[in-house]
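In what follows, a single structure is set out as structure tokens and then discussed.
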Amino acid sequence: DVMVMYFGGVAELGDKKRIFSNPRHPYTRALMSATPSIFEADRTIKIKLQGEMPSPLNPPSGCTFHQRCPYVIDRCRSEEPKLREVDGRQVSCHRAEEVGDMDA
Ligand code: SF4
């Protein structure tokens with residue numbers, strides 16, 4: 001299993017093959033897109049995150065990733081996503097069901 005963390009919280013947790021082949025958290029997707037590969041077929045479009053890590057002294061409301069997330073919606077700014085099961089792994093994202101399929 002692998003655990004992907006952001007700002008001290010779990011973004012995604014579960015079987016490494018499942019997560020590496022189709023990440024469901026936007027932060028995991030950005031990390032995976034930054035991984036170099038010698039194989040053409042494994043190369044994906046790079047997801048460049050905007051902005052900086054938030055300050056622990058002034059944590060953002062809602063999802064701690066919302067200021068940098070390319071998938072952000074209004075709900076993310078006010079409601080903290082809970083870790084929940086989506087597609088056979090644990091993910092803390094309101095849009096986890098959609099995220100993996102959007103880029104496919
Ligand atoms: S909850 Fe919203 S801001 Fe947080 S990772 Fe998911 S889509 Fe992005």
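Atoms within each ligand, like the ligands themselves, are counted from 1 in listed order.
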Item to complete: Side-chain contact test, heavy atoms from C-beta onward, threshold under 4.5 Å: evaluate it for T28 versus Y6 and give yes or no.
Response: no
Practice prompt. For atom 1 (S) of ligand 1, find the nearest protein heavy atom and state the residue, atom name and distance (0.1 Å precision).
Written response: H94 N, 3.3 Å
Worksheet item: Does any N, O or S atom in H25 come within less than 2.8 Å of atom 4 (Fe) of ligand 1?
Response: no
Fill in: Nearest-neighbour protein heavy atom for atom 8 (Fe) of ligand 1, which is reported as residue plus atom name and distance
C69 SG, 2.4 Å
Worksheet item: Would you call V4 and L31 a side-chain contact if the rule is heavy atoms closer than 4.5 Å?
Response: yes
Discussion item. For E12, run the side chain to side chain donor-acceptor pair (under 3.5 Å) check against R89, H25, R18 and tell me which one passes.
Written reply: R89
Discussion item. If you define the side chain from C-beta out and look only at heavy atoms, does anything of Y27 sit under 4.5 Å from C93?
Written reply: no
Worksheet item: Do C76 and C69 come close enough that some side-chain heavy atom pair is under 4.5 Å?
Response: no
Discussion item. Give me the residue, atom name and distance of the protein heavy atom closest to atom 4 (Fe) of ligand 1.
Written reply: C63 SG, 2.3 Å
Practice prompt. May I ask whether R75 has any heavy atom positioned less than 4.0 angstrom from an atom of ligand 1?
Written response: no
Discussion item. Could you tell me, atom by atom, which parts of ligand 1 come under 4.0 Å of a heavy atom of F65?
Written reply: 5 (S)
Worksheet item: Can you tell me which residue and heavy atom of the protein come closest to atom 6 (Fe) of ligand 1, and the distance to 0.1 Å?
Response: C93 SG, 2.3 Å
Worksheet entry | Part of P26 within contact of ligand 1 (heavy atoms, under 4.0 Å) | side chain
Worksheet item: Hey, does the side chain of R24 reach the backbone of E97 with a donor-acceptor pair shorter than 3.5 angstrom?
Response: yes
Fill in: Any N, O or S atom of C76 closer than 2.8 Å to atom 2 (Fe) of ligand 1
yes
Worksheet item: Would you say H66's side chain and Y71's backbone share a donor-acceptor pair under 3.5 angstrom?
Response: no
